[in-house]
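Structure, as structure tokens:
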Amino acid sequence: MKILIIEDDAQTREYVKSGLKESGHTVDTAEDGPSGLALATGESYDLLIVDRMLPGLDGLSVVKALRGAHHSTPVLFLTTMSGIDDRVEGLNAGGDDYLVKPFAFSELLARVNALLRRPPGTNEQTVLKIQDLEVDLLKRVVKRGDNLIVLQPTEYKLLDYLLRHAGQVVTRTMLLENVWDFHFDPQTNIVETHISRLRSKLNANGKNDFIQTVRGAGYIINEAA
């Protein structure tokens with residue numbers, strides 16, 4: 001696959017480029033927003049990896065310009081901006097996934113492969129659905145069959161993150177970082193407690209359980225539930 005990296009930090013840019021090339025991808029790079037936008041609009045790419053903070057034109061503006069020109073290439077934001085609001089802003093701008101620095105290359109590669117597996121046209125997805133479970137991302141409405149499920153904000157974030165990584169094992173650390181914005185272990189059972197509450201609401205009236213516990217690893221949404 002052909003991937004464009006738009007990243008101004010030379011060390012990060014070369015590290016990601018080298019790893020992706022070793023994984024069999026063709027990789028182009030740009031070190032600022034204007035040159036990255038020029039490449040993205042002038043060439044055909046299967047995926048863009050875009051830093052949020054770029055000289056000349058920031059990453060959000062690059063992606064907004066691409067979406068405004070009807071370019072649907074999947075975008076993975078790579079950034080030090082780790083807040084929930086930052087991630088929401090990136091996704092609303094047209095990004096498809098968001099990875100916070102510092103990161104493990106194995107996770108980056110897993111996210112890249114997940115985006116590359118998506119059928120064309122799915123990057124503007126506004127509804128997440130598995131079997132009879134449906135989440136409207138615009139209205140923030142969760143339904144299972146004909147039943148409306150009322151979730152607290154953190155429960156909604158938890159379900160959203162699990163569904164966006166359906167079929168993948170999500171670790172406790174990933175949940176702490178991406179749902180609670182914790183970059184340390186709070187030494188509590190906060191994840192387990194919220195998973196239990198979420199399960200209770202999703203599985204009311206005898207519904208089967210979508211969330212499976214992978215012992216010693218984390219959780220996974222069972223797409224075939």
Side-chain angles (χ1 to χ4, degrees), residues 74 76-77 82-92 95-100 103-104 106-107 109-119 121-225:
L76 169 63
F77 277 115
S82 61
I84 294 294
D85 290 342
D86 296 318
R87 294 197 289 274
V88 169
E89 188 179 25
L91 295 171
N92 286 339
D96 298 274
D97 202 354
Y98 202 104
L99 184 60
V100 176
F103 57 89
S106 58
E107 182 178 0
L109 185 60
R111 289 172 183 259
V112 164
N113 290 337
L115 288 173
L116 291 174
R117 285 196 300 268
R118 289 187 182 180
T122 62
N123 58 296
E124 299 296 335
Q125 189 175 19
T126 60
V127 176
L128 300 176
K129 187 172 183 180
I130 294 179
Q131 299 289 316
D132 62 343
L133 176 64
E134 182 175 301
V135 179
D136 188 316
L137 300 176
L138 298 180
K139 298 178 181 178
R140 295 178 69 90
V141 171
V142 180
K143 296 176 69 176
R144 188 148 191 197
D146 296 326
N147 298 319
L148 181 66
I149 301 174
V150 179
L151 299 179
Q152 296 299 316
T154 301
E155 294 167 348
Y156 178 86
K157 291 177 185 176
L158 178 57
L159 177 61
D160 185 324
Y161 190 80
L162 289 169
L163 284 174
R164 289 182 187 276
H165 296 82
Q168 305 173 36
V169 175
V170 174
T171 67
R172 186 174 185 274
T173 298
M174 291 166 66
L175 292 175
L176 286 171
E177 290 183 352
N178 292 281
V179 178
W180 284 271
D181 199 25
F182 289 166
H183 296 274
F184 61 93
D185 190 338
Q187 301 297 318
T188 69
N189 62 348
I190 187 173
V191 173
E192 294 77 10
T193 297
H194 279 78
I195 287 284
S196 178
R197 290 175 181 170
L198 182 59
R199 276 177 164 149
S200 295
K201 293 184 177 182
L202 294 180
N203 304 337
N205 303 316
K207 293 285 188 177
N208 55 313
D209 193 357
F210 280 107
I211 305 173
Q212 295 183 345
T213 300
V214 181
R215 188 176 297 277
Y219 303 93
I220 187 170
I221 284 281
N222 182 8
E223 297 179 275

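What's counted below: heavy atoms across the whole structure, side chains too, no hydrogens, waters or symmetry copies. What you see is a predicted model; the values in this text were computed from it and never measured.
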Test item: V150 and V142 side chains (from C-beta on) under 4.5 Å apart, heavy atoms: no

Is H194 close to T154 at the side-chain level, that is, under 4.5 Å between some pair of heavy atoms? yes

Sequence neighbours left out, what passes salt bridge (charged side-chain N to carboxylate O under 4.0 Å, His left out) with E134? Give chain and number order. K129

By salt bridge (charged side-chain N to carboxylate O under 4.0 Å, His left out) - contacts of K201 (at least two apart): E155

Can you check salt bridge (charged side-chain N to carboxylate O under 4.0 Å, His left out) on D160 and R164, steps first, answer last? CA-CA 6 Å; D160 185 324; R164 289 182 187 276; 2.5 Å; yes

Within the distance-only criterion (no hydrogens, no angle test), does the side chain of R144 pair as donor or acceptor with the backbone N or O of L202 below 3.5 angstrom? yes

Looking at every non-hydrogen atom in both residues, tell me the closest pair between A217 and V169 and how far apart they are. CB-CG1, 3.9 Å

Given side chains that start at C-beta, do those of R199 and F210 come closer than 4.5 Å, heavy atoms only? no

Flag the pair R172 and D185 as a salt bridge only when some basic side-chain nitrogen lies within less than 4.0 angstrom of an acidic carboxylate oxygen. yes

Which atoms form the tightest heavy-atom contact between Y98 and R111, and what is the distance? O-NH1, 3.3 Å

For a 4.5 angstrom cut-off between non-hydrogen side-chain atoms, does V170 reach L162? yes

Report the distance from atom CZ of F184 to atom OG1 of T173, rounding to the nearest 0.5 Å. 12.0 Å

Test side-chain hydrogen bond (donor to acceptor under 3.5 Å, both in side chains) applied to R197 - qualifying residues, sequence neighbours left out: none

Polar side-chain atom of S200 near backbone of S196 as donor-acceptor pair, under 3.5 Å: yes

